[in-house]
Amino acid sequence: MRERCCLLSSAWSCPEPLLSLLGKEEKSIFLPGKPTFMKAPEDQIGISGGVASFVCQATGEPKPRITWMKKGKKVSSQRFEVIEFDDGSGSVLRIQPLRVHRDEAIYECTATNSVGEINTSAKLTVLEAEFDFPSNFGLAECVLTSVPLQVATFSSVTSFLLVFAQSV
């Protein structure tokens, strides 16, 4: 009977006799693997002056590096912030404040490691705010059960609450 290794996620699980031939004590061997997306950015609609956030997360061996592009160029501006995940598996691209013509674009997430590279993209549409908000009308960003929300809070003068949400 031949001993075989089995692929479990990105690790190979091997019986003891094969591990000893390989000089390994562990029961798993991590082999290089092209990145795969765990979470890809999604198309969204934002309001001028508001915030947009795209999430991109990938796995692979070695761990892939995430980069963000807009119109084929690496994102770079004071209004663009890239927030890396603590474990290094992904990042959030945050754009604030949104500008109608300037920020409307396809944003591309690239995951790269020594084995390969993959890309995915999402479209941002930015709408003009069609309301005349009072000066004491504030904007706040919240996250509720992984659903990014733009919440326009109301004052005692105005009697409405405006909520823009995009499901994840």
Side-chain angles (χ1 to χ4, degrees), residues 5-14 19 24-127 129 138-153 161-168:
C5 295
C6 303
L7 179 62
L8 304 173
S9 184
S10 63
W12 287 85
S13 177
C14 298
L19 288 174
K24 301 281 186 182
E25 293 180 14
E26 303 101 25
K27 294 211 185 263
S28 296
I29 303 168
F30 288 93
L31 298 177
K34 184 177 176 180
T36 55
F37 286 114
M38 296 167 46
K39 173 90 176 117
E42 296 179 3
D43 292 350
Q44 56 185 291
I45 299 172
I47 303 297
S48 178
V51 179
S53 295
F54 292 104
V55 178
C56 190
Q57 187 176 16
T59 186
E61 187 60 39
K63 188 179 289 187
R65 190 172 138 256
I66 302 293
T67 55
W68 290 96
M69 308 277 273
K70 174 188 171 191
K71 297 179 181 175
K73 296 181 181 177
K74 190 172 178 179
V75 295
S76 62
S77 168
Q78 291 180 344
R79 295 179 312 102
F80 291 82
E81 179 182 15
V82 176
I83 304 158
E84 302 284 334
F85 291 5
D86 287 341
D87 65 2
S89 67
S91 67
V92 175
L93 172 63
R94 182 181 160 97
I95 308 163
Q96 178 184 12
L98 291 175
R99 303 286 184 246
V100 175
H101 301 292
R102 195 174 183 182
D103 295 327
E104 280 193 335
I106 303 292
Y107 291 85
E108 185 177 19
C109 170
T110 302
T112 309
N113 68 10
S114 59
V115 181
E117 177 179 294
I118 56 172
N119 302 294
T120 187
S121 60
K123 180 181 180 182
L124 174 61
T125 303
V126 182
L127 304 175
L139 290 176
E141 181 182 5
C142 342
V143 175
L144 178 63
T145 63
S146 299
V147 178
L149 297 177
Q150 279 292 324
V151 180
T153 58
L161 172 67
L162 184 60
V163 178
F164 301 100
Q166 180 170 4
S167 63
V168 173

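One-based numbering along the sequence shown.
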Heavy-atom side-chain contact between S114 and P62 under 4.5 Å: yes
Nearest atoms (heavy-atom pairs only) where F54 meets A122: CE2-CB, 3.7 Å
Smallest separation among heavy atoms of A111 and F37, with atom names: CB-CE2, 4.0 Å
Nearest atoms (heavy-atom pairs only) where A129 meets I47: CB-CG2, 3.8 Å
Residue pair G33 / V115: nearest heavy atoms and the distance that separates them: N-CG2, 3.7 Å
I106 side, atom CD1; D43 side, atom CG - distance, nearest 0.5 Å: 6.5 Å
Student check: side-chain heavy atoms of D103 and R79 closer than 4.5 Å: yes
Straight-line distance of L93 CG to T67 OG1, nearest 0.5 Å: 11.0 Å
Gap between atom CE of M38 and atom SG of C56 - 0.5 Å precision: 10.5 Å
From F80 atom CZ to W68 atom CH2, the distance as rounded to the nearest 0.5 Å: 11.5 Å
Closest non-hydrogen atom pair between G88 and K63, with its separation: O-CD, 3.6 Å
Any I66 side-chain heavy atom under 4.5 Å of C109 side chain: yes
Close side-chain approach of V51 to R94, heavy-atom, < 4.5 Å: yes
CD-NZ distance between E117 and K34, expressed to the nearest 0.5 angstrom: 9.0 Å
Student check: side-chain heavy atoms of S76 and K74 closer than 4.5 Å: no
From L127 atom CG to E104 atom CD, the distance as rounded to the nearest 0.5 Å: 7.5 Å
Sidechain-backbone polar pair: E108 side chain, G72 backbone, donor-acceptor under 3.5 Å: no
Any P41 side-chain heavy atom under 4.5 Å of Y107 side chain: no
Flag side-chain contact, heavy atom, 4.5 Å: L124 against L98: yes
